[in-house]
Amino acid sequence: MTAFARRVQSFGTTIFSEINILAAQHGAVNLGQGRPDFDGPDDIIGAAVTALQAGQYNQYPPGNGAPDFRKSIAAHADRFYGLSIDPDRGVIATAGATEAVFSCILGLVDAGDEVIVIEPYFDSYVPNLIMAGATPVFVPLHAPDWTLDPDELRRAFTPKTRAILWNSPHNPTGRVFTPAEMQLVADLCQEHDVIVISDEVYEHLVFEPAQHTPIAALPGMTERTVTVSSLGKSFSVTGWKVGWVYGPPDLVAGVMRAHQFVTFAVHHPSQIAAAYALSLPGTYFEELQAMYTTRRDILMDGLWQAGIKASAPEGTYFVLGDFSEVFPGDDIEFTKYLITDIGVACIPPSPFYSDAHRSLSGKRVRFAFCKDEATLRTAGERLRKLRG
Ligand SMILES: Cc1ncc(COP(=O)(O)O)c(C=O)c1O
């Protein structure tokens, strides 16, 4: 007798856990998981400490989130994107973007519905759909520029399509989709009455001249989009797992039905600190982008010197590097070799594809640059051994 429910039998251990274990065993510089190796800003952490000690935030918050946090999410969406969000009926605080996406799927997608998934995709999306009994329909991005083929996208829309899972800035390709590219998605969604679950966790990690536009800001899309984001990437506190969903009240009400029985509510003191973080002035976000531009360039330099070809990402803190000139095998073999023989950990992207499209990942691996400059330089030195 197997101990697992059928719905999870096809799930392995996430690639991130596997790589972290292997990297620790071999003392590799870990550029795998998108997990900063430096702490979040002192003032944001101080705001959490103050909230913990204030004597009023250590009990359950409202299930949809602390009022000040919800207000700050709506104000942030207005300040950066001109979106008008109802903080009471149009926002939910969640346990990170991961829970947000899952609650959106559980609350808005029926078993048997089709959901379009752009490949390569973030690893929780497909297990989330499987657990909800929905059917993923895969549409790949095409290298080297990671663009959608309009005909492939169009063919993916059927009478059964309920939603598309959209992610921009995109992990792992680093693409920031332009409003023109998103317009095709928007047109198809409107034509086929499809909703968008838009994962924008890298909304503040965008490099000039790229600019992030939420798909909800496109004409006719506000009413059919639930937007997901979280604190982790924008404020270097991935361990807090504080996220949110915002959108039109009729869709958010569906998400709330699921959220109330998934987590009910999320860590109250962190929500108070999150409200502070989201209200920081524009200079905070400019400095974040400048910091990551420097780190991106250090990593890019290390990769090129090692013979790994890579284009600078438009957003996120990931670079996809092409190792075809330095290693003959596939991405999984290269990742293992890099960890055990070179001492650098990365992530192979092939697990983020359906079986039918796996070969499209090519000879590439993902490196994260949310690391100290010294860590990135050490990685660069080790990678140079690849040339030898
Ligand atoms: C595209 C994408 N969505 C969601 C998440 C998860 O975000 P959180 O830690 O807020 O759950 C990540 C984290 O790497 C991600 O890359």
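Counting starts at 1 for both ligands and their atoms, in listed order. The structure displayed is predicted, hence computed values, not measured ones.
A cation-pi arrangement is found for R295 relative to F38, the charged atom lying closer than 6.0 Å to the ring centre and inside a 45° cone about the ring normal. Cation-pi geometry between R175 and F177 is met: the NZ or CZ atom falls under 6.0 Å from the ring centre, inside 45° of the normal.
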Practice item. Any chance you could lay out the side chain to side chain contact (heavy atoms under 4.5 Å, CB included) test for F369 and I298, step after step, and finish with the verdict? Key: CA-CA 9 Å; F369 55 90; I298 296 171; over 6 Å; no
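Every side chain to side chain donor-acceptor pair (under 3.5 Å) that Y125 has, sequence neighbours left out, goes to D199.
Residues I19 and L320 are members of separate hydrophobic clusters, defined by side-chain heavy-atom contacts under 4.5 angstrom among Ile, Leu, Val, Met, Phe, Trp and Tyr. At a threshold of 4.5 Å between side-chain heavy atoms, the hydrophobic network of Ile, Leu, Val, Met, Phe, Trp and Tyr places Y81 and M221 in two separate groups.
Interface of G96 with ligand 1, defined as ligand atoms under 4.0 Å from a residue heavy atom, comprises 10 (O), 11 (O). Those atoms of ligand 1 with a heavy atom of K233 less than 4.0 angstrom away are 12 (C), 13 (C), 14 (O). Numbered from 1 in the order shown, with element, the atoms of ligand 1 that lie under 4.0 Å from a heavy atom of N167 read 1 (C).
Ranking protein heavy atoms by distance to atom 6 (C) of ligand 1, first place goes to T98 OG1, 3.4 Å. With hydrogens left out, the protein atom closest to atom 9 (O) of ligand 1 is K241 NZ, 3.0 Å, a heavy atom. For atom 16 (O) of ligand 1, the closest non-hydrogen atom on the protein side is Y202 OH, 2.6 Å.
At least one heavy atom of V201 sits less than 4.0 Å from an atom of ligand 1.
In terms of polar-atom proximity, defined here as any N/O pair under 3.5 Å, A97 does make such a contact with ligand 1.
Of the candidates V228, D199, T316, N171, it is D199 that places a heavy atom closest to atom 2 (C) of ligand 1.
The hydrophobic cluster containing I332, built from Ile/Leu/Val/Met/Phe/Trp/Tyr side-chain heavy atoms closer than 4.5 Å, comprises no other residue.
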